[in-house]
Amino acid sequence: MTGPVEIHHLIAAGSSLAGGLLLGLFIYRLVLRPLVKHSTLTQAGADDVILPAIRKATVLWFAVAGAFAARLSLPLAAGPAR
């Protein structure tokens with residue numbers, strides 16, 4: 001799909017990008033935050049390192065997925081410009 005970029009394309013792309021970031025933060029709050037709270041009760045020390053790293057990666061990957069969805073919503077040509 002190619003053609004001019006119209007305002008509804010930009011709104012869809014921005015919504016996808018923001019939605020991916022917000023979904024990543026929501027998943028963190030819903031799933032990972034309780035795990036982090038629970039990990040403070042354990043004796044193992046590895047979970048204190050792994051869970052904060054997973055938090056950053058989770059938000060990052062959902063933001064990347066939102067950026068990919070934003071790219072799909074824009075009418076860009078596949079290949080180099082001529």
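When reading the values below, keep in mind they use all heavy atoms of this one structure, side chains included, and skip hydrogens, waters and symmetry mates.
Clustering of Ile, Leu, Val, Met, Phe, Trp and Tyr by side-chain heavy atoms under 4.5 Å joins Trp61 with Leu60, Val64.
For the atom pair Ser73 OG and His8 NE2, the distance stands at 10.0 Å (nearest 0.5 Å). Note that CD1 of Ile11 is 12.0 Å distant from OG of Ser16, once rounded to the nearest 0.5 Å.
Ala65 meets the side chain to side chain contact (heavy atoms under 4.5 Å, CB included) test with no other residue; sequence neighbours excluded. For Thr58, the side chain to side chain contact (heavy atoms under 4.5 Å, CB included) partners at least two apart in sequence or on another chain are Ile27, Leu32, Ile54, Phe62.
Closest approach of Pro75 and Pro4 over heavy atoms only: CG-O, 3.7 Å.
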